[in-house]
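These notes are about the structure you will find just below.
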Amino acid sequence: MHQRIPRSLRFRFFAALGGLLLCAIAALAVISAWLIFPALQAEERAMVKRELDRVERSFELDQQQLHAQVRDWAHWDDTYQFIQGEYPRYAEVNFSQEMFEDMRYQLMAFFTTSGDVHFLAGINPVTGDYQTCRAPIDDCSWMTPWVTNMQTAIAENRTDQSSIYPDRPPAIMASSPILRTDKSGTAVGWLFKTRSLDDDWLAFMEVYTGLPITLNLSKETISISDVFSFSGNTVFAERYFPTSSSLSSVSLGVGIELNRTSYLTSLTTFRYVLLWTAGLMIMVIALVLLLLEKIVLKPLRLLTQFTQQVGIDGADAHGLTKRNDEIGLLARTFQEQFAFQQQLNAELLKLSTHDALTGLPNRRLYDQRLETAFSDAVSTPSELAVMMLDIDHFKLYNDHYGHQQGDECLQQVAGAFNSIATKFNFLIARTGGEEFSAILPGASPDSAKGIGEQLTRVIDQLQLPHATSPVKPYVTVSVGIAMLQDSKTPSPSAVMSTADQALYLAKAAGRHQVVLFKPPLASNTFSAHNTPL
């Protein structure tokens, strides 16, 4: 079976607008993809590449500057004398924490020509304290990785240069042979300086270049071309630099906040071409949507709210039923149908739970309430009394006065019972032809018997004639009462059976009386509702 295509005006309206918008978007996408975006992206990439070049030059300049500073210190007579042990106050006179912080040095290391440590000075990266020592041990153990790299460079004759070391954080390490100021003679040792590429260095470079810079260590093969990542107005670019290790490289990623003014300017021509079409389309769509919202969508939403709320409070907050259009007609029709449905539901509910003749709850509702009262009494625990009532010799009444008069008698008895039930707030139901049952939660035996006696008296006060009754010349009732604890089996049916036994005893004793169940009755066997008429 083919699915039917919706033919409502609303569907066709939205379908037409959707098609128009899709065509406009497709045209714009084709023009942008083939003409505008490639040119703009090429221009943006060239600009980012220029910025990367500027950062690379700044990075190389920092390396060259550190190397120049190392040479300046290494080609100095005071340093020459210090490495030979002829200037013991060299470090005291020239080194301080302020100097290291101002020059952004992490470590200065002096080595003999054989590569042995002569003197070390630096700032502990953990504590930030300035330290000097003769060997990278104890408090100076943090210098060990640096000293190892420096001694390796001396052994491999990789000195008098500036290199990047892929530690964490990475660092620039520059070295130079120690010579006299005039560079005469042979080298008497080596001087190394390191500058950590840490957060402080990144902050310095960001101020220097005006660009946010991040460093990333990678053990992958160095990329030849730059890597670009575009996200909104932000471009993230990466360029890789070789380090002293052949297994890793330092990734210098530059994040640039692009000024999209040039991009928007480049779109001016394209905007002029589509200006009238786009403007007219937007105006028409906006006007149609406004009319649709005002005339159709908003009333439909209000009608939906009305249908949801009418069952709660019946209120018509927006006055939909007073409208003279289709919405008002629908609202009034729905309100009438809903009221009629509520009335039918109420009648059906009453028919299913109440006796049609007397209006009292029927056996179905009584059994449900008894189950609930029994569960509450057992779980609390608390007292529970049940009562069975029977009109004395009602068969004789029907035979003498007729069934119509019998129905009227039942109605009057039920009304009298209900008045007492309402007064003392308990449930009484018609559970058989002339049989009634009651549930008295929390009632003690004495209070239950008192209520039973009031039920018998209220029937006596009716003075309904009963000429064929051997008890009284008017209609009377017998009452049997049982308590929850009277039944041997803890179940609602067992409690009712116990009350039935008490009713049997009331009838056997001459009727027109109230009898509480007594344990001796348990020795007799009774079936439910087997009391004589």
Side-chain angles (χ1 to χ4, degrees), residues 354-363 366 385-440 443 445-482 496-518 520-521 524 526-533:
H354 287 73
D355 178 53
L357 178 63
T358 63
L360 291 179
N362 59 15
R363 177 175 290 278
Y366 179 82
V386 295
M387 186 182 296
M388 292 191 67
L389 308 94
D390 199 76
I391 300 176
D392 295 329
H393 300 292
F394 187 71
K395 184 177 184 303
L396 298 178
Y397 187 95
N398 270 339
D399 293 342
H400 182 74
Y401 294 100
H403 288 284
Q404 182 176 355
Q405 192 71 21
D407 289 345
E408 293 177 1
C409 175
L410 286 172
Q411 290 173 341
Q412 294 184 65
V413 169
F417 283 164
N418 190 51
S419 65
I420 300 300
T422 303
K423 179 179 179 181
F424 291 96
N425 192 25
F426 64 89
L427 176 73
I428 190 164
R430 184 188 179 196
T431 52
E434 71 276 13
E435 181 185 279
F436 298 84
S437 301
I439 306 171
L440 292 84
D446 291 339
S447 62
K449 186 173 183 180
I451 292 175
E453 291 173 348
Q454 291 201 42
L455 289 169
T456 60
R457 283 197 298 270
V458 75
I459 300 304
D460 290 346
Q461 293 170 3
L462 292 177
Q463 292 293 306
L464 297 175
H466 192 347
T468 58
S469 173
V471 180
K472 294 286 184 181
Y474 50 83
V475 173
T476 60
V477 294
S478 298
V479 181
I481 302 173
M496 288 305 299
S497 177
T498 307
D500 197 19
Q501 295 177 40
L503 178 61
Y504 177 86
L505 184 59
K507 291 185 177 184
R511 304 180 187 260
H512 191 216
Q513 55 187 290
V514 178
V515 175
L516 278 168
F517 177 83
K518 299 295 182 181
L521 289 175
N524 299 323
F526 301 94
S527 61
H529 313 300
N530 64 352
T531 57
L533 298 174

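- Side-chain N or O atoms of Y366 include one that pairs as donor or acceptor with a backbone N or O of A438 at under 3.5 Å.
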| Where do I459 and Y474 land on the side-chain contact (heavy atoms from CB on, under 4.5 Å) test, with the steps shown first? | CA-CA 9 Å; I459 300 304; Y474 50 83; over 6 Å; no
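- A distance of 13.5 Å separates OG of S497 from OH of Y504, quoted to the nearest 0.5 Å.
- Nearest heavy atoms, T431 versus R363: O-NH2, 2.8 Å.
- A distance-only check finds no donor-acceptor pair linking the side chain of H393 to the backbone of H466 [under 3.5 Å].
- Within the 3.5 Å criterion, the main-chain N or O of Q513 finds no donor-acceptor partner in the side chain of R511.
- M387 and I451 make their closest contact through CE-CG2, 4.5 Å (heavy atoms, listed as atom of the first residue, atom of the second, distance).
- When all heavy atoms of E453 and V514 are compared, the pair lying nearest together is N-CG2, 3.7 Å.
- A distance-only check finds a donor-acceptor pair linking the side chain of Y401 to the backbone of A467 [under 3.5 Å].
- Across all non-hydrogen atoms, the minimal contact from P470 to L396 is CD-CD1, 4.3 Å.
- The shortest heavy-atom contact between A448 and I481 is O-CD1, 3.4 Å.
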| said: With side-chain contact (heavy atoms from CB on, under 4.5 Å) as the criterion, how do L455 and L389 come out once you've worked through the C-alpha distance, each side chain's angles and the decisive distance to 0.1 Å? | reply: CA-CA 9 Å; L455 289 169; L389 308 94; 3.6 Å; yes
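- L503 CG to T498 OG1: the interatomic distance, rounded to the nearest 0.5 Å, is 12.5 Å.
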| task | With side-chain contact (heavy atoms from CB on, under 4.5 Å) as the test, would you mind laying out the steps for D460 and T476 before giving the verdict? | result | CA-CA 6 Å; D460 290 346; T476 60; 3.9 Å; yes
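- The closest donor-acceptor contact from the side chain of S437 to the backbone of M388 lies at 3.5 Å or more, if one exists at all.
- Side-chain N/O atoms of S478 and D390 include no donor and acceptor closer than 3.5 Å.
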Show me, pair by pair, the donor-acceptor contacts under 3.5 angstrom made by side chains of residues 402-420, not counting sequence neighbours?
residue: Q411; atom: NE2; partner: L357; partner atom: O; Å: 3.3
residue: S419; atom: OG; partner: A416; partner atom: O; Å: 2.5

| query | Under the side-chain contact (heavy atoms from CB on, under 4.5 Å) criterion, do V475 and Y397 qualify, and how do the steps go? | reply | CA-CA 9 Å; V475 173; Y397 187 95; 3.8 Å; yes
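- Shortest non-hydrogen contact noted between L516 and A502 is C-CB, 4.3 Å.
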